[in-house]
Amino acid sequence: ELKVEQNPLFLSMQEGKNYTIYCNYSTTSDRLYWYRQDPGKSLESLFVLLSNGAVKQEGRLMASLDTKARLSTLHITAAVHDLSATYFCAVDGGSNYKLTFGKGTLLTVNP
Amino acid sequence: EAQVTQNPRYLITVTGKKLTVTCSQNMNHEYMSWYRQDPGLGLRQIYYSMNVEVTDKGDVPEGYKVSRKEKRNFPLILESPSPNQTSLYFCASSLTGFYYGYTFGSGTRLTVV
């Protein structure tokens, strides 16, 4: 059974600082997704990572994928308050055609 | 606008009263799926569909039914809702191959009393 572990689960940052969220998964997959969720809202797609070594950047967020290490990272550069949200990684394990989600990282950016 | 539309957004109902949550997508996606989100348990798949008339169980299908009679629609049916089905529900769709990711609906917050 595919397991996806995110850490940290809670992250409180100061504005302007950098930090990285980690996503480890247990079985082979080459499709990994990052989503953002604001309280009570839907999941907004941030990044789709489809191959080993994939790196994507959007604004202050950069995501990467290492399929050999079964690890993805979401790096936050110079955090701003608007980035406060819960961030999920999700892995497409292939069987059952489902996304298996990590538990999410609740990010709070403080002034 | 490309989107997945769920209705209703909020629903409070009583135990045992049948209800349907609708999901419709306008992107001609073959794949559709339902998830529920619960505190401490995260997002879990209920049912999925690879195409019209093709559906299968996810991780937590008990108490739910689905149908896929048309490509664009994938309703979630609770024949006899119980309080443990109180949750936030999301519908998602994708092209087969999933290379463009999944698009999620805006969610339905269901409370069963």
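Residue numbering restarts at 1 for every chain, and letters A, B, ... go by the order of the sequence lines. Atom set for the values below is all heavy atoms of this structure, side chains included, hydrogens, waters and symmetry mates excluded.
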Counting only N and O atoms by type, is there a donor-acceptor contact under 3.5 Å from the side chain of B:Y35 to the main-chain atoms of A:L99?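 Yes, B:Y35 side chain to A:L99 backbone: donor-acceptor pair under 3.5 Å.
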Would you say the side-chain atoms of A:S42 pair up with the backbone N or O of B:G107, donor to acceptor, closer than 3.5 Å?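 Pair absent, no side-chain N/O of A:S42 close to backbone of B:G107.
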Side chain from CB out, backbone as N, CA, C, O: work out which of these in A:K103 comes under 4.5 Å of a heavy atom of chain B, or both, or neither.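 Only the side chain of A:K103 comes within 4.5 Å of chain B.
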Under 4.5 Å between side-chain heavy atoms, counting indirect links through other Ile/Leu/Val/Met/Phe/Trp/Tyr residues: same cluster for A:V48 and A:L2 or not?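 A:V48 and A:L2: separate clusters.
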Taking A:L74 as the starting point, is it possible to reach A:L32 by hopping between hydrophobic residues whose side chains are less than 4.5 Å apart?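 Yes, A:L32 connects to A:L74 through the hydrophobic network.
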[X] atom [atom1]: more than 12 heavy-atom contacts under 6.0 Å:
{"X": "A:E58", "atom1": "CD", "result": "no"}
{"X": "A:Q57", "atom1": "CD", "result": "yes"}
{"X": "B:K65", "atom1": "NZ", "result": "no"}
{"X": "A:M13", "atom1": "CE", "result": "yes"}

Taking the six-membered ring for Trp and the full ring for Phe, Tyr or His, determine whether the centres of B:Y102 and A:Y35 are under 6.0 Å apart.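 When the ring centroids of B:Y102 and A:Y35 are compared, they turn out to be at least 6.0 Å apart.
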How long is the straight-line distance from CG of A:L43 back to OG of B:S106, given to the nearest 0.5 Å?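 Reported to 0.5 Å precision, the distance equals 11.5 Å.
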Spacing of CZ belonging to B:R44 relative to CZ belonging to A:F101, to within rounding of 0.5 Å: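 Output value for this atom pair is 13.0 Å.
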Chain A contact via B:Q6 - side chain, backbone, both or neither, heavy atoms under 4.5 Å: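 Neither part.
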After noting the C-alpha distance and the side-chain angles of A:F88 and B:Q37, does the key distance pass the side-chain contact (heavy atoms from CB on, under 4.5 Å) rule? CA-CA 12 Å; A:F88 291 93; B:Q37 185 177 27; 3.6 Å; yes
